[in-house]
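One structure below.
Because only heavy atoms are used, hydrogens play no part in the values below, and waters and symmetry mates are left out as well, while side chains stay in.
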Amino acid sequence: MARTALTGTRIRARRNLRGLRQAELARVVGVSPSYLNLIEHNRRKVGPDLLSALAQALGVSSDALVEDTDARLVEGARAAALRCDAELAELERIDEFTGRFPGWSKVLAETQARVERLERVVEQLNDRMTHDPYLGEALHEIISAVTSVQSTASILNDSGEIEPDWQTRFHQNILQDSARLAEGAVALVNYLDAGKTEETGLAAPQEEVEAWLASRNFHLPQLEHGDTDIQAMVQGQVELSSDASRALARQWIRRFQADARALPLDKLLAALSAHGFAPDTFARQFNVRFDQVLRRLAMLPPKASADLGLPAPGLVICDNSGTLMFRRGVEGFALPRFGGGCPLWPLYQALQRPHQPIRQRLVTAGRLGRSFQSYTYAATEVALGFDKPTVLQASMLIIPADSPNASDPGGPVVVGASCRTCAQTDCAARREPSILMSATQSADAL
């Protein structure tokens, strides 16, 4: 919806507040009552001169009639109505409701946004409870200790006379198991408290690296011009609290350096300005691998992307097993926190077609599904040396499909975040469980 789509509704509301009749206001601004009626019902646009005259007659500024968060309020109110299965006739009057009651519309929009945030938190907590290896081990340790204490206490309570020697042993077992239970509980509490963030907390070195990059808008400007001290870049960083996360960060810095040398920023920005968003063209122009282009485009300076009119992209990287090794989220495209993603993602199709770029439009599942354009490429990472394993990595760049530079290669594919949290009820991957493992099996066969 355009920014001034509800200007007429606000003009009518202001006129009613001042107690003016429609004919009186029309006479003051020099238009016919019928034309003003069309304007007030949002059926005619208001020119700047007429808008200024209406604002003066109503005793308000022109900005008060046009400057508003119409689109956000309308979409928020519409999303709340859809959640409650509102009637079609009511949905068609959402714009009128927003114009007449902007305060209530703001309440609805903010409530809807909060519900969506809480739903995302619940999904992430579900993923964490299911896939976090340390959390599962800690809970198993606590349950084991509780069961042991309960069994020993039951023996002491149910048995008759017990020899002193055995009684002492049972008491020692209870003491040891209770100490183990206390240590496990303290360790679990410390683990959960140490990793708290705004929503669910960090749980792995990979997440620490992603948080570190996110705090820098996924761009490291000091690497654009020559070498730098990698060790100094990772030392003392709040987000990198473990040796494992610092080691992963150093790997990413070296990879960023290599990508920056292969695709210099000034030349890449010039190519973007000349050709638009064309990863295949850049791969040929700079004579680099397609996945290098995808990583470089995902790590551009935010200001440079904004100046070129490019949206903030998302980037996902996985290995042969399908496990996500890197995630840069993009608004509207949910990414699972642990494990693998939706088997319908082109990311997994690329594992079956290494060294072949894939371009595919994606639509997220659900009533409020959004459209995205994806560019995907899988390549082998070979370690030097005899008898070294070959690792296959796939990279998927995700950009909003309503971007002016996004192209549409064909029909969209409806995808979810993962099978555990997917909104699709009729999905090929659900009907045929073998599809869930097809990408991994094909990759392992390579």
For the side chain of Asn16 and the backbone of Arg12, is there at least one donor-acceptor N/O pair under 3.5 Å apart? yes
Please identify each residue that fulfils salt bridge (Lys or Arg N to Asp or Glu O under 4.0 Å) with Asp229, with sequence neighbours left out. none
With sequence neighbours excluded, tell me which residues meet ring-ring contact (aromatic ring centres under 6.0 Å, His included) with Phe218. none
How would you list, by chain and number, every residue that makes a side chain to side chain contact (heavy atoms under 4.5 Å, CB included) with Ser32, sequence neighbours excluded? Ser34, Tyr35
One pair to check against side-chain contact (heavy atoms from CB on, under 4.5 Å): Leu315 and Met396. What are the steps and the verdict? CA-CA 6 Å; Leu315 179 66; Met396 180 171 70; over 6 Å; no
Heavy-atom pair with the smallest gap, counting every atom of Leu58 and Leu20: CD2-CD1, 4.3 Å
Pairs flagged by salt bridge (charged side-chain N to carboxylate O under 4.0 Å, His left out) wherever residues 293-313 is involved - sequence neighbours left out: Glu224-Arg296, Asp259-Arg295, Asp291-Arg295, Lys303-Asp307
What salt bridge (charged side-chain N to carboxylate O under 4.0 Å, His left out) pairs are there with at least one residue in residues 18-41, not counting sequence neighbours? Arg15-Glu40
Answer yes or no: does atom CD of Glu331 have more than 12 heavy-atom neighbours from other residues, nucleotides or ligands under 6.0 Å? no
Which heavy atom of Leu335 sits nearest to which heavy atom of Gly329, and what is that distance? CD1-CA, 3.7 Å
Ile358 and Tyr375: side-chain contact (heavy atoms from CB on, under 4.5 Å), yes or no, with the steps? CA-CA 6 Å; Ile358 300 175; Tyr375 297 88; over 6 Å; no
Please check: side-chain N/O of Ser374 versus main-chain N/O of Gln360, any donor-acceptor pairing under 3.5 Å? yes
Can you tell me which residue pairs pass the ring-ring contact (aromatic ring centres under 6.0 Å, His included) test with a partner in residues 252-273, sequence neighbours excluded? His219-Phe256, Trp252-Phe326
Exercise: identify the closest heavy-atom pair between Thr380 and Arg289: O-NH1, 3.5 Å
Holding to side chain to side chain donor-acceptor pair (under 3.5 Å), I want the full list of residues that pass it with Glu210, two or more places apart in sequence or in another chain. Gln206, Arg327
Going by heavy atoms in the side chains, are Leu324 and Leu347 under 4.5 Å from each other? yes
What's the separation between atom CG in Leu248 and atom CG in Asp243, rounded to the nearest 0.5 Å? 11.0 Å
On the 0 to 90° scale, with breaks at 30° and 60°, tag the Tyr348-Trp345 ring pair as parallel, tilted or perpendicular. parallel
For the student: nearest non-hydrogen atoms of Asn217 and Arg328, plus distance: O-NH2, 4.3 Å
Residue pairs fulfilling side chain to side chain donor-acceptor pair (under 3.5 Å) with at least one residue in residues 260-277, sequence neighbours excluded: Asp227-Arg261
Answer yes or no: is there a side-chain heavy-atom contact under 4.5 Å between Met233 and Leu223? yes
Close side-chain approach of Thr364 and Phe333, heavy atoms under 4.5 Å: yes
Under the 3.5 angstrom rule, does the side chain of Arg353 hit a backbone N or O of Gln349 as a donor-acceptor pair? no
Leu50 CG to Arg44 CZ distance, which is reported to the nearest 0.5 Å: 13.0 Å
Under the side chain to side chain contact (heavy atoms under 4.5 Å, CB included) test, which residues partner Ala262, sequence neighbours left out? Val288, Gln292
If you define the side chain from C-beta out and look only at heavy atoms, does anything of Pro279 sit under 4.5 Å from Leu297? yes
Test side-chain contact (heavy atoms from CB on, under 4.5 Å) on Leu269 and Leu308 and set out the steps. CA-CA 8 Å; Leu269 294 179; Leu308 292 170; 3.9 Å; yes
Kindly compute the distance separating CG (Asp319) from CG (Leu392), expressed to the nearest 0.5 Å. 9.0 Å
What distance separates Leu362 CG from Arg370 CZ, expressed to the nearest 0.5 Å? 13.5 Å
Could I get the full list of side chain to side chain contact (heavy atoms under 4.5 Å, CB included) partners for Pro357, not counting sequence neighbours? Phe290, Tyr377
Any side-chain heavy atom of Val29 sitting closer than 4.5 Å to one from Leu36? no
Using side chain to side chain donor-acceptor pair (under 3.5 Å) as the criterion, list what pairs up with Ser215, not counting sequence neighbours. Glu239
Spacing of Gln373 atom CD and Arg359 atom CZ [to the nearest 0.5 Å]: 6.5 Å
Under 3.5 Å side-chain donor-acceptor pair for Ser371 and Arg361: yes
Just by distance, do the side chain of Thr111 and the backbone of Val107 share a donor-acceptor pair under 3.5 Å? yes
Taking Asn320 for its side chain and Val391 for its backbone only, find out whether a donor-acceptor pair lies under 3.5 Å. no
Is the shortest heavy-atom distance from the side chain of Ile399 to the side chain of Leu310 under 4.5 Å? no
Could you give me the CA-CA distance, side-chain angles and deciding distance for Val415 and Phe372, then say whether side-chain contact (heavy atoms from CB on, under 4.5 Å) is met? CA-CA 11 Å; Val415 298; Phe372 297 88; over 6 Å; no
Excluding sequence neighbours, so at least two apart, what forms side chain to side chain donor-acceptor pair (under 3.5 Å) with His140? none
Heavy-atom side-chain contact between Asp280 and Val293 under 4.5 Å: no
Other residues, nucleotides, ligands: >12 heavy atoms within 6.0 Å of Gln56 CD: no
Restricting to non-hydrogen atoms, name the atom on Ala249 and the atom on Val234 that form the minimum distance, rounded to 0.1 Å. CB-CG1, 3.8 Å
Looking at Pro336 and Ser418, what are the two nearest heavy atoms and their distance? CB-CB, 4.2 Å
Could you grab the distance from atom CG of Leu25 to atom CD1 of Ile11, nearest 0.5 Å is fine? 8.0 Å
